[in-house]
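For reference, the structure is listed below as structure tokens.
Naming: A, B, ... by sequence-line order, numbering from 1 per chain.
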Amino acid sequence: MPDVQTQQQQKITIRLPDGSERTHPTGATGYDVAEDIGAGLARDALAVKVNGEVRDLQRPIEEDADLEVLTWDDAEGKMVFWHSSAHLLAEALEALYGDVKFGVGPPIEDGFYYDVDFSDSGRDAPSSEDDLAEIEEKMQELAARDVPYEREPVSKDEAMRYFTEKGAPYKQELIEELEDGTITFYRQGEFTDLCRGPHLPSTGAITYPKLLSMAGAYWRGDEDRAQLTRIYGVSFPKKKLLDEHLEMLEKARERDHRKLGRELELFTFSETVGAGLPMWLPKGTTLRETLEGFLQQEQLERGYEPVVTPHIGRLDLYRTSGHYPYYRDSQFPPILEGEDEDGEEQGYLLKPMNCPHHVMIYKNKLHSYRDLPVRLAEFGTVYRHEQSGELGGLTRVRGFTQDDAHVFCTPEQVKAEFKDVIDLTLKVLDALDFDAFEAQLSFRDPDEAEKYVGGAEKWDAAEDAIREAAAEMGLVAQEEVGEAAFYGPKLDFMVQDALGRAWQLGTVQLDYNLPERFDLEYVGADDERHRPVMIHRAPFGSLERFIGVLIEHCGGDFPLWLAPEQVRILPVGDDFHDYARRVQATLREKDLRATVDDSDATVGYKIREAETQKVPVMLVVGGREEEAQTVAVRRHGSGEQDTQPLDDFAEALAEEVEAQMRGS
RNA sequence: GCUGGUGUAGCUCAAUCGGCAGAGCAGCGCUCUUGUAAAGCGCAGGCUGGGGGUUCGAGUCCCUUCACCAGCUCCA
């Protein structure tokens, strides 16, 4: 029996997120603490966070600590749940497929995966839905045993011995890179895995696993190494959560811009025209040109000057810029005309970027420091031969139009120009009600100075200027070291599509390289020649990708000012077609895009059609309306109707469009 | 580019073991002349992505090619 004194020393103090403190014996587990707080919490607890480190619930706590109990409602709680699910998947695969070699199996944002090599297993790698269902069933069966996940610290030698005996080359490679003393195994039932953890107390919680898809994935992300089969899944503690998740995936598919683009007749692709070459249908073109007009107006107000350049340029242009042949793999093959007297290939290249052309416009005349900044803007279409497996919808294409502009300025003007572009980009995103974006600053890796053009002082000054510009504009931006292009630091705006994939939209990039290569100059106040700095910027990025993401963002319900068809007039019968046309003319006078449905369908049918095609405003007109010179207004998505005098309505609607474009 | 999957009418999908390619919607024609989410009848619509092979016979099996989908790699 220990004396009182020792017992005192064996107490630890646990501080909870709300600031309250509890005393527990040394070696109490996270589960003990959760249970002490409440039985409900203990039941829901998945893991604990001890002094900022996520740990197993049943791991003893040896000293005073800040502690947070993690449940399904915490992102980190879900991660533990899914990580444990990945181990369960591995165990199921081993049970069903025998000698499989495991790569890594981490949790991800919305589920988990495991990379597996099936080449030595007794049967073919899983490929069908049925195979996945079989694995799922096995997982459920294994989970039902409700065995604990046991943590076991091992030495590097022990770890290596275990996986060598097992014949697990990928695991051996992972162990080689770990430091002795930091290695742990986790074991559930018959299955042991190299793993940092943490994990759930036991398998029983994973009652609803769902395997979603399979795909190849290179070992360690290196395309020169073996390709493993990656199995993606997700899992839930309750059926309701699984159902909700599947429903959410279904809804995401409904928002997919490829589906909506076809249904709303915005754009199309043709195998005969070529992969990744979108064709804009009349409605999509209207949408696109409305966006272009909006941006162009903004840019004119900010001192941008419009330019237009051709879609091709001589190879020499791209030799000077460095695009040819350096990026040859991602360019369409050049149009060759033969060799010059020096044996150099001559010909033309479809332009992969607009900048070389804009640079030549800058060089058209000698610029004074008084001219700067020179801002040349063009909706410039470029062509890049993206890898075939990369193409998809409008988000990754081979021919696309950038809302491109190049700013030529002095180093001192960089910060102000960045601020203006940030302001413009935020204004554009705001007008489109786009709030779910992230900003990323990409800086150089100072340890690899040789990878970048321009001296360290230049880069430091530029990175400071950009960082300050973002801060002064109230833009929260993540800084990524080593992500800069070789020619300069940049600021990107990232968004996610309906399926949660991240895409880069807007970009602002500083460039030290092209001014050098093209020997750009301006005459300073000192009457000497100086080198300007160049900024590439595109608030939308590419119109194709931007519109693709925009479609998914609003689910095809475009704001009134952007809707290709803003108003559809629905006469109740033939006798009212004339009045319908008069209504249309009145709206068109106000620059509103209005059509008349003069088919012989019933009113109910016409309404259904207009609703399905997401036309924002429907006007039903018949005898009553013609008599009183009114329209019966119905808005998309709302069954309500409201009769208004025609002229008042046209006026009000035009004002609504105006207000939206002003961003209010 | 890589791994896996999928290609049937404009769209969404059927077609048992290899045995006559089918439906709904859309389209067109006729009837109806309509009052807030699908009127009725009829007609037409296909080289089953392309090419090759196996077979008495291929949408179905094999090879090849193209496109699309998921992921990986790449993304000036």
Side-chain angles (χ1 to χ4, degrees), chain A residues 108 113 115 117-118 124-129 131-132 212-232 253 256 258-259 262-263 265 268-276 318 321-324 326-331 351-356 382 384-393 395-396 485-488 490 499 501 503-504 507 509 511 513-514 536 542 545 570-577 599-613 618-625 632-643:
Chain A
I108 51 176
Y113 66 79
D115 284 346
D117 183 341
F118 288 94
D124 289 341
S127 58
S128 66
E129 298 265 322
D131 293 337
L132 288 184
L212 298 167
S213 62
M214 279 159 303
Y218 300 106
W219 170 238
R220 318 219 87 176
D222 183 344
E223 62 180 320
D224 293 327
R225 305 198 60 180
Q227 193 163 35
L228 311 181
T229 302
R230 177 170 295 178
I231 300 180
Y232 284 91
R253 276 192 283 274
D256 192 314
R258 292 166 293 198
K259 179 175 157 71
R262 184 169 55 238
E263 289 172 357
E265 297 182 9
T268 188
F269 289 89
S270 154
E271 203 175 317
T272 312
V273 170
Y318 297 103
S321 71
H323 292 123
Y324 184 86
Y326 188 61
Y327 292 106
R328 187 162 206 156
D329 286 349
S330 45
Q331 291 163 356
K351 69 177 175 187
M353 301 196 87
N354 299 302
C355 27
V382 297
R384 300 181 189 177
H385 196 266
E386 303 287 358
Q387 293 185 18
S388 56
E390 253 319 314
L391 301 173
T395 43
R396 197 72 185 268
F486 74 90
Y487 53 78
K490 59 177 182 167
L499 299 174
R501 295 174 291 205
W503 297 99
Q504 179 197 305
T507 184
Q509 310 186 359
D511 188 343
N513 182 43
L514 286 184
H536 310 253
S542 102
R545 179 178 292 179
L570 315 175
V572 301
D574 293 358
D575 294 347
F576 311 107
H577 285 187
S599 68
D600 59 1
T602 59
V603 174
Y605 187 85
K606 290 179 180 181
I607 289 194
R608 185 185 152 80
E609 283 284 285
E611 288 283 0
T612 308
Q613 288 167 36
M618 288 150 276
L619 300 178
V620 178
V621 296
R624 296 200 290 272
E625 287 75 20
V633 185
R634 175 185 169 120
R635 293 271 181 160
H636 171 61
S638 130
E640 292 166 33
Q641 12 176 337
D642 173 30
T643 299

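Under 4.0 angstrom from either OP1 or OP2 of U12(B) there lies at least one side-chain N or O belonging to R262(A).
Rounding to whole angstrom units, CZ of residue R384(A) and P of C75(B) are separated by 12 Å.
For the P atom pair drawn from C62(B) and G19(B), the interatomic distance equals 15 Å after rounding to whole Å.
Contacts of Y232(A) classified as ring pair (Phe, Tyr, Trp, His ring centres under 6.0 Å), with partners at least two apart in sequence or in another chain: Y113(A). Residues satisfying the side-chain contact (heavy atoms from CB on, under 4.5 Å) test with R220(A), not counting sequence neighbours, are E173(A), L174(A), E177(A), R225(A).
For A37(B), the base has a donor-acceptor partner in the side chain of E611(A) [N/O atoms by modelled type, under 3.5 angstrom]. Counting distance only, with no hydrogens placed and no angle test, the side-chain atoms of R328(A) and the base atoms of A76(B) include no donor-acceptor pair under 3.5 Å. D574(A) contributes a side-chain N or O that forms a donor-acceptor pair with the base of U33(B) under 3.5 Å. Between the base of C32(B) and the side chain of D600(A) there is a donor-acceptor pair shorter than 3.5 Å. Between the side chain of S330(A) and the base of A76(B), at least one donor-acceptor pair of N or O atoms lies under 3.5 Å.
Distance from the side chain of V603(A) is smallest to G35(B) among G35(B), A39(B), G1(B).
Glycosidic conformation of C17(B) is syn; the angle stays within 90° of 0.
Across all strands shown, G24(B) pairs with C11(B); the Watson-Crick or G-U wobble distances both stay below 3.5 Å.
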